[in-house]
J.: 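Once you've had a glance at the structure underneath, I'll fire off some questions.
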2 protein chains.
Amino acid sequence: MPESSGAELALLLLGGFRSMVDAVQRELAERGHGGVRPVHEFALRAIGAGADTASDLGRSLGVSKQAAAKTIAFLETHDYIRRESDPDDARRKRLRITRRGDELLTVGQALFDDVRAHWGRQIGAEELEVLEAQLARLVGSGYPLSSIPGWLASELGESAS
Amino acid sequence: MPESSGAELALLLLGGFRSMVDAVQRELAERGHGGVRPVHEFALRAIGAGADTASDLGRSLGVSKQAAAKTIAFLETHDYIRRESDPDDARRKRLRITRRGDELLTVGQALFDDVRAHWGRQIGAEELEVLEAQLARLVGSGYPLSSIPGWLASELGESAS
DNA sequence: CGGGGTAGACAACCTGGTTAACCATCTGCT
DNA sequence: AGCAGATGGTTAACCAGGTTGTCTACCCCG
C-alpha cells in the first residue's frame, strides 16, 4: 500500500487550489469586492487581453457566448466594465474595463501573489519554484492565464456560499 | 515580476487535479463504468467507511442529506449499492455496497494510483513524495479521504460533458 | 405516554452552465 | 448592386447539482 494514494494526491491538488482561491476571495470581499469570484477576475483579464466582445470572451473562456454574456452582465452591473457600441460594427458592444475593474485586477493579482509568497515562506521559495515546475510538467501545457479552458469556469464558482 | 504568478500557481493546482480526474474518468468509462464521476467513488468510499445512511453520507460529504439522497439514487440505479430496510430502526434505509460497487472502488483506486505512478515516472518517485508532503503542509489539514468537505462535490462534477 | 430529535421524502428554488432560435448587421462573391 | 452566409447579441427553455423548508414516520428519553 502506497504511503499516499493517487486519490489523496488528487484531493491534495484540489485542496491547494481551493485554499488559494478561498483566501483570495475572502480578502477581496474585505476590500469592497464582495461577490466577486475568481472567474470574474479571469474574465476581466481576458477582456483586457483583447477579448472585448461577448463572443470573444466566450471563446477565450471556453464557454458559450450566452454564458459569457451572463458574466458580462455581472461585471457591468458591478461597474467593472462598460459596454459601448462600436462605431465600426453596429452588431458589437465593445467591452471596456473601468477604473474599478482595473483596481480589481490589480488587487486580485496582488492577493494571489500574496498567497503564493506565504506558501513560499512555509516551504521555501526555491522549493515552491520546483513544485511549480514539476506541476507544470505534469499538467502538460501549463494552462496559461490567457486562454482558460472551459472546464475552469465551474470550478471557480462559489461553493455553497 | 515573479517568474510564476500566484494566479498561475492556482491554475496549475487545478489543472493537476483535472488531469488526474479526467484520466481516471476516461479509463473508468472504458471499463464499463461510464457516467461515473469521482464524486460517486468518494461517496461509495464513505459508505464503505460507515456512512450507511443518507443523512450520514450527507454529513461525511459535507452536503445536505437531500443532495446525498440524489447521489444515492444514482448509485442505486446503477447497481453500485443496495438499500435495505434496517430491522433495528424502521426509519433508516441501510446502504450496502454491491459486488459491482466493490469493483468500482477497486478499479477506481487502482486507476488513481496508476496516474500517480505515471507522474512518479515523469518527475521521480521521491520528488513526487516531496511534492505531496509539501502540498499536504500547505493545504493544512490534508483533507483525508474519509471526510470530504462539501465544496468538493461540485468540483468533481463533469464539465460540459 | 408524551416531547424532542432524527431519517427520509417531496417540493420549490438558485446558480451557472447548455442548446436552440431569432434578429440585426457585416462581408464576400457574383 | 444585391444576395448568401457568417457573426454578434438577445431571449428562452432546459439541465445538473446543489440549497432550504416542510412533512411524516419513527426512536429515545424523562
Side-chain angles (χ1 to χ4, degrees), chain A residues 18 21 25 35-43 47 50-78 81-95 148-161, chain B residues 18 25 35-40 42-43 47 50-78 81-95 148-161:
Chain A
R18 292 296 316 200
V21 164
Q25 205 161 338
V36 171
R37 287 172 295 121
V39 67
H40 297 133
E41 280 186 67
F42 290 117
I47 292 169
D52 67 344
T53 71
S55 298
D56 266 0
L57 183 59
R59 279 188 286 270
S60 289
L61 263 39
V63 300
S64 63
K65 59 182 179 178
Q66 295 90 333
K70 293 186 186 180
T71 300
I72 289 173
F74 173 93
L75 292 174
E76 191 184 15
T77 63
H78 289 73
I81 59 172
R82 247 194 317 276
R83 300 195 313 156
E84 40 198 48
S85 46
D86 185 337
D88 295 338
D89 188 338
R91 292 170 306 174
R92 299 187 164 215
K93 304 271 181 69
R94 275 179 38 206
L95 307 176
I148 303 166
W151 49 259
L152 178 60
S154 61
E155 312 288 346
L156 294 174
E158 193 130 15
S159 59
S161 173
Chain B
R18 292 295 317 199
Q25 205 160 338
V36 171
R37 287 172 296 120
V39 69
H40 297 132
F42 290 118
I47 293 168
D52 68 344
T53 72
S55 297
D56 266 1
L57 183 59
R59 279 188 287 270
S60 290
L61 262 40
V63 300
S64 63
K65 58 182 178 178
Q66 294 89 337
K70 293 187 186 182
T71 301
I72 289 173
F74 174 92
L75 292 174
E76 191 185 15
T77 63
H78 289 74
I81 59 173
R82 246 193 317 276
R83 297 196 315 155
E84 40 198 48
S85 44
D86 184 339
D88 296 337
D89 188 340
R91 291 170 306 176
R92 300 186 163 217
K93 303 273 181 66
R94 276 180 38 208
L95 306 176
I148 302 166
W151 49 258
L152 178 61
S154 63
E155 312 289 346
L156 295 174
E158 192 130 17
S159 59
S161 174

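Any value given below was found using the heavy atoms of this structure, including those in side chains, with hydrogens, waters and symmetry copies removed. In what follows, chains carry the letters A, B, and so on, assigned in the order in which the sequence lines appear, proteins first and then strands, with residues in each chain numbered from 1.
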J.: What pairs with Asp56(A) under side chain to side chain donor-acceptor pair (under 3.5 Å), at least two apart in sequence or on another chain?
T.: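 So Asp56(A) forms a side chain to side chain donor-acceptor pair (under 3.5 Å) with Arg59(A).
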
J.: What is the distance, to the nearest angstrom, from the CZ atom on Phe42(A) to the C1' atom on dG16(C)?
T.: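 About 17 Å, once rounded to whole Å.
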
J.: Roughly, in whole Å, what's the span from CG in Asp86(B) to C1' in dA7(C)?
T.: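 The answer, rounded to whole Å, is 11 Å.
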
J.: Taking only residues two or more places apart in sequence or in another chain, which ones pass side chain to side chain donor-acceptor pair (under 3.5 Å) with Arg92(B)?
T.: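 Applying side chain to side chain donor-acceptor pair (under 3.5 Å) to Arg92(B) gives none.
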
J.: Restricting to side chain to side chain donor-acceptor pair (under 3.5 Å), what partner residues turn up for Asp89(A), sequence neighbours left out?
T.: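 Per chain and number, Asp89(A) pairs via side chain to side chain donor-acceptor pair (under 3.5 Å) with Arg91(A).
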
J.: Looking across every strand, which nucleic acid part, if any, lies under 4.0 Å from Arg94(B) by heavy atom: base, sugar-phosphate, or nothing?
T.: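 Result for Arg94(B) = nothing.
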
J.: Applying side chain to side chain contact (heavy atoms under 4.5 Å, CB included), can you list everything that pairs with Glu76(B), at least two apart in sequence or on another chain?
T.: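 Per chain and number, Glu76(B) pairs via side chain to side chain contact (heavy atoms under 4.5 Å, CB included) with Ile81(B), Arg83(B).
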
J.: Rounded to the nearest Å, what distance is computed from the CG atom of residue Asp52(A) to the C1' atom of nucleotide dG9(D)?
T.: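 Result: 14 Å.
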
J.: Roughly, in whole Å, what's the span from CZ in Arg59(B) to P in dG5(C)?
T.: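 Those two atoms, CZ and P, are 15 Å apart.
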
J.: For DNA chain C, whose closest nucleotide is more 5', that of Ala54(B) or that of Ser64(A)?
T.: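 It is Ala54(B) whose nearest nucleotide is closer to the 5' end.
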
J.: Give one of base, sugar-phosphate or nothing for Ser55(B), where a contact means two heavy atoms less than 4.0 Å apart.
T.: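 Sugar-phosphate, backbone atoms only, no base.
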
J.: If the sugar-phosphate is the primed atoms plus P, OP1 and OP2 and the base is the rest, what is the B/S/- string for nucleotides 24-30 of chain D, using protein heavy atoms under 4.0 Å?
T.: -BBS---

J.: Which residues pass the side chain to side chain donor-acceptor pair (under 3.5 Å) test with His40(A), not counting sequence neighbours?
T.: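 Partners of His40(A) by the side chain to side chain donor-acceptor pair (under 3.5 Å) criterion, ordered by chain and then number, come out as Arg37(A).
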
J.: When the distance from CZ of Arg37(A) to P of dG17(C) is rounded to whole Å, what number comes out?
T.: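 It works out to 6 Å between those atoms.
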
J.: Can you find an N or O donor on one side and an acceptor on the other, under 3.5 Å apart, linking the side chain of Lys65(A) with the base of dG9(D)?
T.: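 Such a pair exists between side chain and base.
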
J.: Identify, residue by residue, the members of residues 68-75 of chain A with a heavy atom below 4.0 Å from DNA chain D, and return them in order of residue number, or none.
T.: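 Under 4.0 Å from DNA chain D: no residue of residues 68-75 of chain A.
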
J.: Starting at CD of Gln66(A) and ending at P of dA21(C), how long is that distance when rounded to a whole Å?
T.: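 Those two atoms, CD and P, are 13 Å apart.
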
J.: With sequence neighbours excluded, what pairs up with Ala69(A) under the side chain to side chain contact (heavy atoms under 4.5 Å, CB included) test?
T.: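 If we apply the side chain to side chain contact (heavy atoms under 4.5 Å, CB included) test to Ala69(A), skipping adjacent residues, there are no hits.
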
